[in-house]
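Structure first, commentary second.
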Amino acid sequence: METKKKSSKPPNKTSQSEGDQEDQSCPDTSCEKNEDQEPSSPKQGDFSDPVYKEIALANGAINRMNRDELRAKCTELKLDTRGVNDVLRKRLKSYYKKQKLMHSTAAEGNSDMYFDYICVVDFEATCEENNPPDYHHEIIEFPMVLIDTHTLEIVDSFQEYVKPVVHPQLSEFCVKLTGITQEMVDEAKTFHQVLKRAVSWLQEKELGTKYKYMFLTDGSWDMGKFLHTQCKLSRIRYPQFARKWINIRKSYGNFYKVPRTQTKLICMLENLGMEYDGRPHCGLDDSRNIARIAIHMLKDGCQLRVNECLHSGEPRSVPISAPIEGAPAPQPPKKRD
């Protein structure tokens with residue numbers, strides 16, 4: 001249905017045991033247990049409350065609906081009618097659950113939104129058509145797209161190209177894949193400079209100070225591989241604010257109950273009844289399309305929460321029992337000793 005998101009990613013991720021000292025452990029132990037399941041909502045609730053029996057009955061009726069019935073019911077309730085059957089069923093179930101809990105004591109303490117803002121990141125990196133095992137991917141595009149979780153809209157974006165140092169000459173394959181030309185990276189600033197500008201942009205939004213926020217990525221590679229590798233190459237300490245993130249592929253698969261083969265970017269868009277907007281493998285366009293999926297999921301009742309973190313230089317799953325905390329306030333990059 002879709003080719004691999006980034007051809008620069010080999011099928012088997014290599015170990016990075018040489019992680020810096022600051023990468024040896026997370027601030028807490030929430031990364032050590034592998035649990036990907038979406039938490040039941042509400043987080044705190046008495047499940048003996050009769051309202052849950054009503055919800056179960058409603059879910060059973062929805063499960064028996066065919067496609068025409070599902071779309072008709074969505075139309076009646078003024079809900080989005082796009083998407084495959086599983087998406088429509090989840091949308092209706094979330095709607096009825098929210099409606100029934102709205103005036104129930106069982107919903108006490110429940111919060112629909114964990115964060116004020118979600119920041120979508122999708123790096124592009126240097127690559128060859130056939131990457132050797134010891135190939136170092138360098139970030140060449142640094143995009144961010146900011147979602148307001150209250151208005152459910154994209155409110156701003158950031159994009160800068162980055163000058164590679166280890167592989168200053170882009171391969172023909174990389175140029176064709178990403179659309180990033182040699183001139184673009186030759187005229188760009190170094191990663192250290194771009195990261196400083198990205199931090200300033202986040203600080204201007206008062207993220208981590210006035211507003212609670214978290215990063216969201218399409219898979220584990222952006223933070224767990226690209227950013228981690230780039231920080232080592234640039235001799236920068238891995239930023240604390242990027243140690244945890246939402247992997248939308250896991251969130252999507254768990255929420256809509258689909259296999260991981262159906263969680264690639266194009267598949268998620270198609271299953272939600274949307275088309276890709278822009279140029280594939282343009283980091284900013286990819287980020288905007290990922291943001292569209294996240295907004296759609298929030299509208300369908302998904303409570304996007306942190307599900308991955310960096311632990312000992314490797315991405316790890318975060319259990320559903322972990323406290324819900326926003327990313328810390330971004331700080332300028334620090335040089336490694």
Side-chain angles (χ1 to χ4, degrees), residues 16 19-23 26-27 115-126 136-147 154-168 170 174 178 180-218 221-246 282-288 290-291 309-310 313 315 326-337:
Q16 298 180 8
D20 304 326
Q21 183 175 357
E22 66 267 25
D23 290 336
C26 289
F115 311 108
D116 297 303
Y117 292 95
I118 290 176
C119 189
V120 180
V121 175
D122 193 84
F123 299 119
E124 295 300 325
T126 57
H136 293 297
H137 299 280
E138 295 177 85
I139 292 174
I140 54 176
E141 184 184 0
F142 195 134
M144 294 186 287
V145 169
L146 196 62
I147 300 170
I154 294 174
V155 291
D156 208 347
S157 63
F158 170 95
Q159 181 199 43
E160 288 216 15
Y161 296 110
V162 184
K163 181 192 294 290
V165 177
V166 178
H167 302 287
L170 300 182
C174 184
T178 65
I180 299 172
T181 66
Q182 188 64 46
E183 184 180 11
M184 289 177 181
V185 296
D186 286 344
E187 296 177 352
K189 298 182 182 300
T190 64
F191 178 76
H192 183 269
Q193 293 171 310
V194 171
L195 182 57
K196 285 179 65 176
R197 291 165 69 92
V199 166
S200 295
W201 185 82
L202 293 167
Q203 290 175 335
E204 289 172 4
K205 309 298 178 187
E206 299 183 276
L207 302 180
T209 51
K210 183 176 181 180
Y211 300 108
K212 195 172 181 179
Y213 79 111
M214 184 51 65
F215 287 97
L216 181 147
T217 64
D218 178 27
W221 273 75
D222 292 279
M223 301 302 195
K225 176 68 173 180
F226 290 143
L227 183 58
H228 181 259
T229 298
Q230 184 64 63
C231 286
K232 289 175 62 180
L233 293 174
S234 299
R235 300 193 61 78
I236 298 172
R237 292 181 181 274
Y238 190 92
Q240 290 289 335
F241 62 84
R243 286 189 174 276
K244 296 182 181 182
W245 61 90
I246 301 164
C282 163
L284 185 59
D285 285 348
D286 279 354
S287 298
R288 284 173 174 156
I290 295 163
C309 72
L310 191 72
Q331 299 296 327
K334 297 180 180 179
K335 283 284 188 179
R336 282 168 45 198
D337 299 330

- Task: List the atom of Leu195, the atom of Ile236, and the distance in Å for their closest heavy-atom pair.
- Result: CD2-CG2, 4.4 Å

- Could you state the interatomic distance from CD (Gln331) to CG (Leu202), rounded to the nearest 0.5 Å? 11.0 Å

- Message: Once you measure the plane-to-plane angle for Phe142 and Phe158, does it fall in the parallel (<30°), tilted (30-60°) or perpendicular (>60°) bin?
- Response: perpendicular

- Task: Please name the pair of heavy atoms, one in Trp245 and one in Gly224, separated by the smallest distance, quoted to 0.1 Å.
- Result: CH2-N, 4.1 Å

- Salt bridge flag under 4.0 Å for residues Glu160 and Arg197: yes

- Is Ile290 close to Leu216 at the side-chain level, that is, under 4.5 Å between some pair of heavy atoms? yes

- Query: Would one find more than 12 heavy atoms of other residues, nucleotides or ligands at under 6.0 Å from atom NZ of Lys163?
  - Reply: yes

- Value rounded to 0.5 Å, distance of CH2 in Trp201 from CG in Leu146: 4.5 Å

- Gln203 side-chain N/O to Pro330 backbone N/O, donor-acceptor pair under 3.5 Å: yes

- Query: Does Gln182 reach the main-chain N or O of Leu170 with its side chain, forming a donor-acceptor pair under 3.5 Å?
  - Reply: yes

- Item | Side-chain touch Lys232/Arg336, heavy atoms, less than 4.5 angstrom | yes

- Among all residues two or more places apart in sequence or in another chain, which pass the ring pair (Phe, Tyr, Trp, His ring centres under 6.0 Å) test with Tyr117? Tyr211

- Task: Test His137 against Thr229 for side chain to side chain contact (heavy atoms under 4.5 Å, CB included), laying out the working first.
- Result: CA-CA 7 Å; His137 299 280; Thr229 298; 5.5 Å; no

- Pairwise side-chain contact, Val185 with Pro164, heavy-atom cut-off 4.5 Å (strictly under): yes

- Query: Does a side-chain heavy-atom distance below 4.5 Å link Ile140 with Cys174?
  - Reply: yes

- Distance (rounded to the nearest 0.5 Å) between Ile180 CD1 and Glu141 CD: 4.5 Å

- Query: Among side-chain atoms of Glu206 and Thr209, is any donor-acceptor pair under 3.5 angstrom?
  - Reply: no

- Task: Any chance you could lay out the side chain to side chain contact (heavy atoms under 4.5 Å, CB included) test for Phe123 and Val162, step after step, and finish with the verdict?
- Result: CA-CA 10 Å; Phe123 299 119; Val162 184; over 6 Å; no

- Item | Straight-line distance of Cys282 SG to Gln159 CD, nearest 0.5 Å | 6.0 Å

- Message: Taking Lys212's backbone N and O only, do any of them form a donor-acceptor pair with Asp116's side chain (distance below 3.5 Å, no angle check)?
- Response: yes

- Taking the side chain as every heavy atom from C-beta outward, state whether Val166 and Glu138 have any pair of such atoms under 4.5 Å apart. yes

- Message: Taking the side chain as everything from C-beta on, heavy atoms only, tell me whether Phe191 gets closer than 4.5 Å to Leu227.
- Response: yes

- Note on the structure: Output for pair (Thr178 OG1, Tyr161 OH), nearest 0.5 Å, gives 8.0 Å

- Does Ser287 use its side chain to pair, donor to acceptor, with the backbone of Met144 at less than 3.5 Å? no

- Separation between CZ (Phe215) and NZ (Lys244), nearest 0.5 Å, reads 14.0 Å

- Would one find more than 12 heavy atoms of other residues, nucleotides or ligands at under 6.0 Å from atom NZ of Lys196? no

- Could you tell me whether the side chain of Arg288 and the main chain of Val145 form a donor-acceptor pair under 3.5 Å? no

- Hits for salt bridge (charged side-chain N to carboxylate O under 4.0 Å, His left out) against Lys205, two or more places apart or cross-chain, chain-then-number order -> Asp156

- Item | Heavy-atom side-chain proximity of Pro315 to Met223 below 4.5 angstrom | no

- When every non-hydrogen atom of Cys231 is compared with those of Arg237, the smallest separation belongs to SG-O, 4.3 Å

